[in-house]
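All values below were derived from every heavy atom in this structure, side-chain atoms included, with hydrogens, water molecules and symmetry-related copies excluded.
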Amino acid sequence: AALPEIDQGRSFANGQKVFESASCKACHGLAGQESKLGLNLQQISQKVRDGKIDRVGLLTEILQPSANIDEKFRTQVITTKDGTLVSGVSVHEDERTIRLLSNPLNEGGQPKEVAKSAIDQRSASQTSLRPLGLLNALSKGDILDLLAYIESGGDRSWAGFDK
């Protein structure tokens, strides 16, 4: 469905608050922040503003993150020979080790390193790392403010915000 509400002056302050309190910024870069674990939303916002991604598509990505996962951000699930389960997005891999980052907010944002010789099974998950139910506590207005904030690239002067 069309989203006429997004053109009706969304709240920058609330969009920023939702982005920060919903832990979006832990994984995604925006407004000059580095992207740690997911897509850099600065690039996404530019594509939206250039018409290369539509708003409905961006909203779908926010609401259904597992529907279309970029392969470089697909969660790896590893079971070691001693039965340890390790999962996360691969941030480094060489011939001997793989480093997985599961949540930049946990363990000081340090990746877990697994020796390839210790791996019993390895597979790719079809589920996004985004915490399940994250958006369930948000109102429609909060989600639209978040969408507008992402679309703006963190730029308060963007035309979609109340002045």
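- Side-chain atoms of Arg74 come within 3.5 Å of backbone atoms of Ser125 as a donor-acceptor pair (strictly under, hydrogens ignored).
- Rounded to the nearest 0.5 Å, atoms NZ (Lys72) and OG (Ser90) are 12.5 Å apart.
- At distances below 3.5 Å, not a single donor-acceptor pair connects side-chain atoms of Ser45 with backbone N or O atoms of Ser152.
- No single ILVMFWY cluster, assembled from side-chain heavy atoms under 4.5 Å apart, contains both Val86 and Phe73.
- Arg10 contributes a side-chain N or O that, together with a main-chain N or O of Gly141, makes up a donor-acceptor pair within less than 3.5 Å.
- Note: Ile53 CD1 to Leu59 CG = 13.0 Å, rounded to the nearest 0.5 Å.
- Distance NZ/Lys112 to OG/Ser87: 6.5 Å, rounded to 0.5 Å.
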> Checking salt bridge (Lys or Arg N to Asp or Glu O under 4.0 Å) for the pair Arg122/Glu93: CA distance, chi angles, key distance, verdict?
Replying inline: CA-CA 13 Å; Arg122 179 178 175 183; Glu93 184 170 353; 2.9 Å; yes
> Can Asp145 and Val18 be said to form a side-chain contact (heavy atoms from CB on, under 4.5 Å), step by step?
Replying inline: CA-CA 8 Å; Asp145 288 347; Val18 171; 5.6 Å; no
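- The pair Asp120-Lys81 does not meet the salt-bridge criterion, since no charged nitrogen lies less than 4.0 angstrom from a carboxylate oxygen.
- Hydrophobic clustering (side-chain heavy atoms under 4.5 Å, transitive across Ile, Leu, Val, Met, Phe, Trp, Tyr) groups Leu30 together with Leu63.
- Closest non-hydrogen pair, Lys116 versus Glu95, comes out as CD-O, 3.6 Å.
- Phe19 and Tyr149 have tilted rings, their planes meeting at an angle from 30° to 60° on a 0 to 90° scale.
- Rounding to the nearest 0.5 Å gives a distance of 9.5 Å between CD1 of Ile69 and CD of Glu61.
- Put simply, Leu146 and Ile44 are part of the same group of oily side chains (I, L, V, M, F, W, Y) that touch within less than 4.5 Å, one to the next.
- Atom CD of residue Gln110 and atom CG of residue Leu101 lie 8.5 Å apart, to the nearest 0.5 angstrom.
- A donor-acceptor pair under 3.5 Å links the side-chain atoms of Asp82 to the main chain of Thr84, judged by distance alone.
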> Given the rule in the side-chain contact (heavy atoms from CB on, under 4.5 Å) test, do Arg99 and Glu113 qualify, once you have shown the distances and angles that lead to the verdict?
Replying inline: CA-CA 4 Å; Arg99 287 189 207 127; Glu113 186 168 292; 2.7 Å; yes
> side-chain contact (heavy atoms from CB on, under 4.5 Å) between Thr75 and Thr127: does it pass, once the steps are laid out?
Replying inline: CA-CA 7 Å; Thr75 304; Thr127 305; over 6 Å; no
> side-chain contact (heavy atoms from CB on, under 4.5 Å) between Ile119 and Ile98: does it pass, once the steps are laid out?
Replying inline: CA-CA 10 Å; Ile119 295 174; Ile98 180 170; 4.2 Å; yes
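- Shown here for Ser128 and Ser66, the closest heavy-atom pair between the two residues is N-OG, 2.7 Å.
- Atom-to-atom distance recorded for Asp142:CG and Asn14:CG is 4.5 Å, nearest 0.5 angstrom.
- If you chain together hydrophobic residues whose side chains sit under 4.5 Å apart, Leu41 and Ile62 fall into the same group.
- In this structure, Val48 is a member of the same hydrophobic cluster as Ile150, with clusters built from ILVMFWY side-chain heavy atoms closer than 4.5 Å.
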